[in-house]
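Atoms within each ligand, like the ligands themselves, are counted from 1 in listed order. Predicted model only: the values in this text are computed from it and were never measured.
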Amino acid sequence: MARLTMKFGGTSVGSPEAIAQVVEIVKDHLAQDNELAVVLSAMSGVTDMLLESAAAAAGGERERYLAINAAIGAKHEAVIDELIAARSTRAAIRASLGALLGQHRELCEAVSILGEATPRISDALVSFGERLSSRVVTAVMADRGLPVQQFDSNRFIVTDNMFQNADPLWEETESRIVDGLLPVLGAGIAPIITGFIGATPDGTLTTLGRGGSDFSAAIFAACLACDELIIWTDVDGVMTTDPRLDQRARVLPYVSYQEIGELAFYGAKVLHPKTVQPIISRDIPLRVRNTFNPAHNGTLIGSRALASETVIKAVTGIKDVSMLTVSGPGMLGVPGIAGRTFLATANAGASILMISQASSEQSFCFTVVDPLAQHVKRAVEQELRREILHKDIDSVDVMSDIVIITVVGSGMRGTPGVAGRVFSLLGDHKVNVLAIAQGSSECSISFIVAEDDLERAVGELHNLALETVENDRVNGWASAP
Ligand code: ASP
Ligand code: MG
């Protein structure tokens, strides 16, 4: 017997067929006498539809938000039609979904009167996705005789008031989860919980950011002291690279917590970057598995860093970024220019993906997402206007047709020559590197190349990751520690 938290993503609950699959998986795990907490995403597409309804309401487009409301209703209705047999269950779940959809419409009306959807109201609006999906899935499971009970996570996850990207207040959250859910598990009932949603201490709804259900699940797994967290998604696991960049991509059997952190931050879409944060200190293993291919073992993520000879595990590429370069002769030895630049960037609402400075101190560069690049350039020029006027700084330049490539592997730490190997490989294949940064965790190296070089660079570096997977297999590490 084990205690598990399982999370099913949007595609896993995205259609009646997918939900039928989820029911089988949950049933199997309950049959093995496990204690099980289940965290669900909204049905795929619904969060986007809800955000669209917020925009439509703010713009006073009544027909559009009503149409979205109806489409969301129909998506859930199809699940009831196909998967729920008992009449009384059908009637009860229809009534509860109808009430929620009614609240969504009312909120849209309110937004359209105000003419604005603030982050706070937007969170209330998107919360309907998980609230609907968790109810409908619970009803299906109950109809099949599984011992389940639905819960809204705003009862448990207490957060700060950073709407649309809230962070949990740990102590309060932990005590509420322990008090509220341990007795449920103890009674042999599987709680079916909304992902994504929290609430401030005074009860106002918040969300944990796009893709945040993974993070929710990790919070529950940590607070319930689970033996394992399983994230069920629509791919077999974490891959050596994006198969759209190189079709030889393979599933990695084992990845360390640190590696997955870097991978998620640098573009591997499989997990929300904050997912490992709650489980690292408790050393709870995390497994990424495919709802549509449950026979596959997936990827195990844990605390041990396996040192393979080749060290590099995975390669990611991030497109749609721009590089800003601040340069000029007057920067040498002048403290504060970088600090002011980054503060101006943050105040402009952009987060920085990568920073690099040459030791000559004549210039430094950093990257932001494309849509914000010109805005950030203006903000930085405004901040540095005196230095520009005095010609201490020449310019703030934007380069847009670039990509960030990151190679990841914990074995890099203390293994000399990895960077050398990476860059000589790129040199051999005539890829020009525009800027380089190595994280202090020494678990990744990121660099910038022209967008035209993306596939060639990833392809070459990916060879190193494929070698690692092969070595791990030969060394018997394929199924991990
Ligand atoms: N439904 C939310 C989103 O699409 C949260 C999640 O699925 O993780 O961002
Ligand atoms: Mg996701």
Enumerate the atoms of ligand 1 whose separation from the nearest heavy atom of [X] is less than 4.0 angstrom.
X    : value
G212 : 5 (C), 8 (O)
T47  : 1 (N), 2 (C), 3 (C), 4 (O)
S41  : 6 (C), 7 (O), 8 (O)
R210 : 3 (C), 4 (O), 9 (O)

Taking [X] first and then [Y], would you say they form a salt bridge - that is, a charged N and a carboxylate O separated by under 4.0 Å?
X    : Y    : value
R289 : E228 : no
E109 : R105 : no
D152 : R135 : yes
D242 : K269 : no

Exercise. Using a 4.0 Å heavy-atom cut-off, say whether H272 meets ligand 1 through its side chain, its backbone, both or neither.
Key: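 For H272, there is no contact with ligand 1 at all, from either part.
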
Quiz prompt | By side-chain hydrogen bond (donor to acceptor under 3.5 Å, both in side chains) - contacts of S122 (at least two apart) | solution =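 With neighbours one apart ignored, the set is Q164.
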
Quiz item: Hey, does G211 sit under 4.0 Å from ligand 1 if you only count heavy atoms?
Solution: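 It does; at least one heavy atom falls under 4.0 Å.
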
